[in-house]
Amino acid sequence: MSDLSGKIALVTGSVQGIGFAIAKAFAEQGAKVGLHGLAEAGQIEQASKELRAAGAAEVRFFGADLRDVAAIDEMMDDVEQWGGADVLVNNAGIQKTAGLGEVEPALWDAILSVNLSSAFHTMRRAMPIMAQKGYGRVINIASVHGLVASVNKAPYVSAKFGLVGLSKVSALEYANKGDRTAGGITVNCICPGWTETAIIEPQVADRAAQFGGDRDAGIADLLKEKQPSQRLSDPSEIGALATWLCSPVAHNITGTSIPVDGGWTAQ
Ligand code: NAD
């Protein structure tokens, strides 16, 4: 695995869910972790404590609302002062299902800004500094919905396809920076299928309601529809993959979108 001691890793939306699991995996490799998200003081304190206990060399919290470009810029100023992100994970995301005719413009704007535009705003600032260092990793948490569509997810699918495109362009632009020993600069997407976090709860609840409120039956039905393994992913599995992508040995893996989807996109 990767030794991240001395490295600064900013993980957006890391106070919970997949982001927290990635931050924890990085902490276990001794990284200095930039913890980020919208959360109450208690949740921030708890997450920071767990990251320190896992081995983080340092934990700094950033509370930028990713719908606010000026707030993202301020966060990136602070990260630059800290030393610049060696690893940047654009993980924060929001999701709401609705048919195209029911999607209000404000919902479209919110999903596009958090799930797509914020990655542009962080990468624009972080990547030139990575190039100077000769090492950098950008890991964008897209989705199977960056690769295939589903009904009632127009803003989300549009944002995630956009994130895959942004990652490919930036991967090309930075492909020849750095060298094999340092690890170079890579940009990749991880594309999860159903993963056990808060973001899927409204969809689980809707499906469970069709089975008289039986949550397990609801989850089984969701999995049966799209995810051939019939198993949810655990967020720690995404953390393990992200950590591996950070190692210098992954210097030639760039511009890819790696599904963690139990076969969903193989169909
Ligand atoms: P989650 O709801 O548990 O976490 C989302 C995180 O984003 C939170 O930490 C939250 O604070 C942060 N966030 C939301 N809006 C924000 C804003 N305006 N400003 C700053 N931070 C904000 O969900 P999760 O499942 O851990 O999602 C992480 C990523 O994984 C998302 O991009 C999501 O689209 C993607 N994903 C999840 C699944 C799944 O099944 N869980 C599947 C595919 C992709």
Side-chain angles (χ1 to χ4, degrees), residues 10-25 33-41 43-44 46-48 51 61-76 89-97 106-107 109-119 121-122 139-150 153 155-164 166-167 189-204 207 218-219 222-223 225-227 229 231-239 241-242 257-262 264-265:
L10 173 64
V11 185
T12 69
S14 49
V15 288
Q16 65 184 57
I18 292 172
F20 178 72
I22 294 171
K24 192 164 171 214
V33 178
L35 175 68
H36 166 268
L38 299 181
E40 301 295 325
Q43 190 183 3
I44 297 163
Q46 182 60 30
S48 307
L51 293 178
F61 175 72
F62 301 94
D65 186 326
L66 299 179
R67 292 165 296 188
D68 179 347
V69 178
I72 299 175
D73 256 331
E74 264 176 47
M75 171 173 75
M76 297 314 288
V89 181
N90 289 301
N91 161 80
I94 52 173
Q95 155 77 300
K96 191 168 184 342
T97 54
L107 177 64
D109 288 345
I111 292 182
L112 268 287
S113 31
V114 177
N115 296 30
L116 174 59
S117 301
S118 72
H121 295 301
T122 56
I139 301 170
N140 290 329
I141 307 304
S143 168
V144 283
H145 288 114
L147 303 171
V148 293
S150 293
K153 296 187 178 177
Y156 188 79
V157 169
S158 303
K160 296 299 191 182
F161 268 72
L163 190 57
V164 168
L166 169 66
S167 306
C189 284
I190 295 178
C191 297
W194 293 113
T195 307
E196 195 152 20
T197 72
I199 208 171
I200 68 169
E201 280 310 314
Q203 294 176 81
V204 169
R207 199 58 71 101
I219 290 173
L222 282 171
L223 290 170
E225 193 175 271
K226 302 257 179 176
Q227 193 148 306
S229 66
R231 298 184 296 271
L232 291 171
S233 291
D234 186 83
S236 64
E237 296 154 13
I238 314 281
L241 175 57
S257 301
I258 306 173
V260 182
D261 66 358
W264 182 325
T265 54

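Order of appearance sets the numbers: ligands from 1, and atoms from 1 within every ligand. Sequence positions, counted from 1, serve as the residue numbers for this chain.
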T122: which residues meet the side-chain hydrogen bond (donor to acceptor under 3.5 Å, both in side chains) condition with it, sequence neighbours left out?
N90

With sequence neighbours left out, write down each residue that passes side-chain hydrogen bond (donor to acceptor under 3.5 Å, both in side chains) with Q46, or none if nothing qualifies.
E50

At less than 4.0 angstrom from any atom of ligand 1, which residues have a non-hydrogen atom? List them by chain and residue number.
G13, V15, Q16, G17, I18, H36, G37, L38, A64, D65, L66, R67, N91, A92, G93, I94, V114, I141, A142, S143, Y156, K160, P192, G193, W194, T195, T197, A198, I199, I200

Would the number of heavy atoms belonging to other residues, nucleotides or ligands and lying under 6.0 Å from NZ of K96 be above 12?
no

Below 4.5 Å, heavy atoms only, C-beta onward: do I238 and V260 meet side chain to side chain?
yes

Non-neighbouring partners of E225 that pass side chain to side chain contact (heavy atoms under 4.5 Å, CB included), sequence neighbours left out
R207

CG on L241 to CD1 on I139, rounded to 0.5 Å:
7.5 Å

